**Q** 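This is the structure I have questions about; it appears just below.
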Amino acid sequence: MYRIMRYFVVLIFILFSCVSSSQNPITEEEVKNKFYEFFDVLSVENPDKDKLYDLVTDDYFIFENQKKYTMKEFIDFVNTFQIVENNWELSNFKIDTDQNSAHASLRNVGKFLVETDSGNVIMDFDWLESAYLVREDGKLKFAFYFSDAVKESVTKAE
């Protein structure tokens, strides 16, 4: 009987060690950092928007302005604006994580100085956003992003 119990305990130990993941759960800090990295790449200071591809999965898409964009379509959309200055303030993060994925919702207040044919304008946006991120090849990446402007205004820059 002792021998059977010993084998049973060893078998249980082996099963649990095979099932448990070797990776630590994703932290809220990792998720927030990924958002800041995403917006750093989008900033005016970074001319290489193609770096966004490193932050997203191959099947990533964003739902912005009531339209679904692939990353290429989104970069093309962003490049239609002659943005001189930009600033984002991310706040009110609500984050749920597990071993290999995370869901986050947040508020994003953006302000942009944009060059237009009729002079510069200031565009102010207040967005509610959410995203689903997954761990892929050991890296946290965006799989989906949703952005809905709840308030926006455009004024002539002085």
Side-chain angles (χ1 to χ4, degrees), residues 19-158:
V19 171
S20 69
S21 174
S22 61
Q23 293 185 331
N24 293 325
I26 296 168
T27 66
E28 288 187 14
E29 189 69 23
E30 284 177 276
V31 174
K32 285 181 182 180
N33 287 342
K34 194 54 64 174
F35 275 91
Y36 289 115
E37 185 178 358
F38 187 87
F39 285 99
D40 282 347
V41 174
L42 278 175
S43 73
V44 173
E45 291 81 25
N46 178 31
D48 186 9
K49 303 300 183 241
D50 285 344
K51 290 181 181 180
L52 287 168
Y53 288 108
D54 296 335
L55 305 177
V56 301
T57 60
D58 290 339
D59 60 350
Y60 166 88
F61 69 92
I62 182 170
F63 192 77
E64 171 110 13
N65 296 328
Q66 302 176 351
K67 184 173 187 256
K68 178 182 172 183
Y69 296 92
T70 63
M71 182 49 74
K72 180 186 179 330
E73 292 167 333
F74 182 69
I75 291 171
D76 290 345
F77 168 71
V78 168
N79 286 335
T80 64
F81 297 96
Q82 298 299 317
I83 300 172
V84 179
E85 293 177 17
N86 58 3
N87 182 46
W88 288 276
E89 291 181 28
L90 309 178
S91 64
N92 298 345
F93 281 91
K94 307 265 187 298
I95 300 171
D96 293 307
T97 66
D98 64 22
Q99 205 73 15
N100 291 303
S101 66
H103 177 268
S105 60
L106 64 143
R107 180 177 180 212
N108 179 357
V109 176
K111 186 172 193 160
F112 307 89
L113 177 61
V114 180
E115 185 179 312
T116 69
D117 293 338
S118 57
N120 291 353
V121 296
I122 297 172
M123 301 173 73
D124 288 298
F125 292 93
D126 194 342
W127 290 287
L128 293 180
E129 302 187 331
S130 65
Y132 181 65
L133 300 91
V134 295
R135 192 176 301 203
E136 188 177 87
D137 299 325
K139 296 179 182 176
L140 191 59
K141 294 185 174 191
F142 288 93
F144 170 75
Y145 205 108
F146 176 83
S147 180
D148 191 20
V150 293
K151 188 193 294 185
E152 55 188 271
S153 67
V154 178
T155 56
K156 190 98 168 137
E158 297 182 21

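Fair warning: this is a prediction, and the values are worked out from it, not measured in the lab.
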**Q** Considering only NZ, NE, NH1 and NH2 on the basic side and carboxylate oxygens on the acidic side, decide whether Glu37 and Lys34 come within less than 4.0 Å.
**A** yes
**Q** Indicate whether any N or O donor in one side chain lies under 3.5 Å from an N or O acceptor in the other, for Glu129 and Ser147.
**A** yes
**Q** Do you know which two heavy atoms are closest between Ile26 and Thr97, and how far apart they sit?
**A** O-OG1, 2.9 Å
**Q** Counting heavy atoms not belonging to Lys139, are there more than 12 under 6.0 Å from its NZ?
**A** no
**Q** So how far is it from Ile122 CD1 to Glu85 CD, rounded to the nearest 0.5 Å?
**A** 9.0 Å
**Q** Using ring pair (Phe, Tyr, Trp, His ring centres under 6.0 Å) as the criterion, list what pairs up with Tyr60, not counting sequence neighbours.
**A** none
**Q** Can you tell which of Phe61, Phe63, Tyr69 makes a ring pair (Phe, Tyr, Trp, His ring centres under 6.0 Å) with Phe146?
**A** Phe63
**Q** Could you go through the side-chain contact (heavy atoms from CB on, under 4.5 Å) check for Val109 and Arg107 one step at a time?
**A** CA-CA 7 Å; Val109 176; Arg107 180 177 180 212; 3.7 Å; yes
**Q** Which residues pass the salt bridge (charged side-chain N to carboxylate O under 4.0 Å, His left out) test with Asp76, not counting sequence neighbours?
**A** Lys72
**Q** Under 3.5 Å, is there a donor-acceptor pair between the Glu29 and Thr27 side chains?
**A** no
**Q** If we ignore hydrogens and angles and just use 3.5 Å, is the side chain of Asn46 paired with the main-chain N or O of Leu42 as donor and acceptor?
**A** no
**Q** Can you tell me which residue among Tyr132, Phe74, Phe38, Trp127 is in a ring pair (Phe, Tyr, Trp, His ring centres under 6.0 Å) with Tyr145?
**A** Phe38
**Q** Show the numbers, then the answer: is there a side-chain contact (heavy atoms from CB on, under 4.5 Å) between Val114 and Asn120?
**A** CA-CA 5 Å; Val114 180; Asn120 291 353; over 6 Å; no
**Q** So, for Lys141 and Asp54, which heavy atoms are closest and what is the spacing to 0.1 Å?
**A** CE-O, 3.6 Å
**Q** Yes or no on side-chain hydrogen bond (donor to acceptor under 3.5 Å, both in side chains) for Ser101 and Asp98, after CA distance, side-chain angles and deciding distance?
**A** CA-CA 6 Å; Ser101 66; Asp98 64 22; 3.0 Å; yes
**Q** Between CE of Met71 and OH of Tyr53, what distance do you get to the nearest 0.5 Å?
**A** 7.0 Å
**Q** Show the nearest heavy-atom pair for residues His103 and Ser130, with the distance to one decimal.
**A** NE2-CB, 3.8 Å
**Q** What distance separates Met123 CE from Glu152 CD, expressed to the nearest 0.5 Å?
**A** 7.5 Å
**Q** Within the structure provided, determine whether Phe77 and Asn65 are in side-chain contact (heavy-atom separation under 4.5 Å).
**A** yes
**Q** For atom NZ of Lys156, is the number of surrounding heavy atoms from other residues, nucleotides or ligands below 6.0 Å larger than 12?
**A** yes
**Q** Are the aromatic rings of Trp88 and Phe112 close, with centres under 6.0 Å apart?
**A** yes
**Q** Write down the atom of Val31, the atom of Ala102, and the distance for their closest heavy-atom approach.
**A** CG2-CB, 3.6 Å
**Q** May I ask you to test the Asn79-Lys49 pair for a side-chain heavy-atom distance under 4.5 Å?
**A** yes
**Q** Look at the side chain of Asp48 and the backbone N and O of Asp50, then say whether any donor-acceptor pair between them is shorter than 3.5 Å.
**A** yes
**Q** Using every non-hydrogen atom in the two residues, find where Ser43 and Asn86 come nearest and quote the distance to one decimal.
**A** CA-ND2, 3.3 Å
**Q** Just wondering, more than 12 heavy atoms not from Asp58 lying within 6.0 Å of its CG?
**A** no
**Q** Using 0.5 Å steps for rounding, measure from the CD1 atom of Ile75 to the NZ atom of Lys51.
**A** 12.5 Å
**Q** How far apart are the closest heavy atoms of Ile83 and Val44, and which atoms are they?
**A** CG2-CG2, 3.5 Å
**Q** Do the side chains of Leu90 and Phe39 get nearer than 4.5 Å, heavy atoms only?
**A** yes
**Q** Measuring from atom CG of Leu140 to atom CZ of Phe35, what distance do you get when rounded to the nearest 0.5 angstrom?
**A** 9.0 Å
**Q** Hey, what do you get for CD (Glu30) to CD1 (Ile95), rounding to the nearest 0.5 Å?
**A** 10.5 Å
**Q** Could you go through the side-chain contact (heavy atoms from CB on, under 4.5 Å) check for Leu55 and Val41 one step at a time?
**A** CA-CA 10 Å; Leu55 305 177; Val41 174; 4.1 Å; yes
